[in-house]
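Just so it is clear, the model here is predicted, and its values are computed rather than measured. Order of the sequence lines fixes the chain letters, A, B, ..., with proteins taken first and strands second; residue numbering starts at 1 for each chain. In what follows, every heavy atom counts, from backbone to side chain, and hydrogens, waters and symmetry copies are set aside.
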Amino acid sequence: MKVKYFAWVRERVGKAEETIEPPATVRTVEELIAWLSGLGEAYAYAFEKPKVIRAAIDHAHVKPDAAIAGAREIAFFPPMTGG
Amino acid sequence: MKVKYFAWVRERVGKAEETIEPPATVRTVEELIAWLSGLGEAYAYAFEKPKVIRAAIDHAHVKPDAAIAGAREIAFFPPMTGG
Amino acid sequence: MATPVTIRIQPDDFDVAREIAALSHGRTDIGAVVSFSGICRGDEDETKIAALTLEHYPGMAEEEIGRHVDEALSRWPLNGVTVIHRVGRIEPGQNIVLVVTASQHRQAAFQAAEFLMDYLKTSAPFWKKEESAAGNGWVEAHARDDQAAARWTKS
Amino acid sequence: MATPVTIRIQPDDFDVAREIAALSHGRTDIGAVVSFSGICRGDEDETKIAALTLEHYPGMAEEEIGRHVDEALSRWPLNGVTVIHRVGRIEPGQNIVLVVTASQHRQAAFQAAEFLMDYLKTSAPFWKKEESAAGNGWVEAHARDDQAAARWTKS
């Protein structure tokens, strides 16, 4: 599945997007965040405060307990500050 | 004192302004309306529903019981419909 | 610096962009500009309108708008206010009234513009006469406009 | 006729007057047009700002704004909606965002514009980075913006 990062999540991870293949035991957005945090220091830093991170699946906002099965694109970003 | 009329009050009275000299017994806006109503058919028609008529003294909205003593200019008009 | 306030009553049309620019151009303390344009509609409650004619009470109209602008300035932190009201004959599709408010934050700009429009409708001395196929007649005041203005009354 | 809706995300500035005219020109069913312009301020909580850089999530940003425009159209009788959000580097005094709403009556136009701005602030995927003398940093979300958006939640 494709993962995208924005704003300081992108800066901390050090890339704007990548394709990942988490194990089948990773079923929800919060489980995916925990799994990503284990991929190295940059990820651990980006996701050090998981409650602050917002997520979207296929361009729609989702909650931490949302299932990731079937997702084409998952995005992680800080709270929005547009407008 | 100078009196001004606007919108359909003006049309019914048949003039935009005039100078009047009501007797000293006419002390409030509602008493002035009653006195004006007695000046002829046009006035009676203009003021036939006194509760609908709005008044201003020296460019400020006033209530029917406002005193007219000292007024330079009194205006009568229907409810406003600008904006 | 005193807050710039412009109040104009004029037969001529206005240019919304020019009025917004006049309030905000070259300033870096303004974060939000709200404009409201009131436009003459071609029908009112199913009646086709050919035109409106706006009458006003010269002198009082400016003063009454000024009092409500002062009230808005005392209620919200505004960086500028412009109110323009046209008078005379206005055809469907043409502008009638413009309110522009500028502030650091959007809520103040929105609320001040709504407040000013509600009071323009109910307390500024302007009257509309309609020309329609049914003849000419003075527009009646709407109870809903009084209700809209009443919500700003401090309790 | 379907209500005209324009949603654009662009680095270029916009022209408020042109956007208002595009919504209302030649139409006689519109009585009220409200525009909101959000402008880059030169200071934020006492810090002098040199510029902002706006990042967005292409694809989702347009869709998320579209969902809120649809919601606005279902809540209020609107005759047109335009939302333009700039991205890239923006200096103090320059435009960031524009919302224009048109309706027969002013309350619908005002409320829809406020609703759209509140949701743009809290749910459209845009992020601001500030350049200031203190260095570059991402703007933090304000609790007051979440509160502003929460008031539209249907209970």
request  = Looking only at non-hydrogen atoms, find the nearest pair between T81(B) and V139(C) and report the distance.
outcome  =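 Heavy-atom minimum between the residues: CG2-O, 3.3 Å.
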Examine whether an atom of [X] lies under 4.5 Å from a heavy atom of chain B, and if so say whether it belongs to the side chain, the backbone or both; otherwise answer neither.
{"X": "H142(C)", "value": "neither"}
{"X": "E140(C)", "value": "backbone"}
{"X": "R86(C)", "value": "neither"}

Using a 6.0 Å cut-off, check whether atom [atom1] of [X] has over 12 heavy atoms from anything other than its own residue.
{"X": "R27(B)", "atom1": "CZ", "result": "no"}
{"X": "R144(C)", "atom1": "CZ", "result": "yes"}
{"X": "R151(C)", "atom1": "CZ", "result": "yes"}

Considering only heavy atoms from C-beta outward, does the side chain of [X] approach that of [Y] to under 4.5 Å?
{"X": "E64(C)", "Y": "H61(B)", "answer": "yes"}
{"X": "W127(C)", "Y": "P78(B)", "answer": "yes"}
{"X": "H59(B)", "Y": "Y57(C)", "answer": "yes"}
{"X": "E11(B)", "Y": "W138(C)", "answer": "yes"}

request  = May I ask you to name which of R67(C), K121(C), K129(C) has the most heavy-atom pairs under 4.5 Å with chain B?
outcome  =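 Looking at each of R67(C), K121(C), K129(C) in turn, K121(C) comes out on top.
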key: CE on M60(C) to CZ on F6(B), rounded to 0.5 Å   =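 Reported to 0.5 Å precision, the distance equals 9.0 Å.
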Exam field: side chain K128(C) to backbone G83(B), donor-acceptor pair closer than 3.5 Å =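 Side chain of K128(C) to backbone of G83(B): a pair is present.
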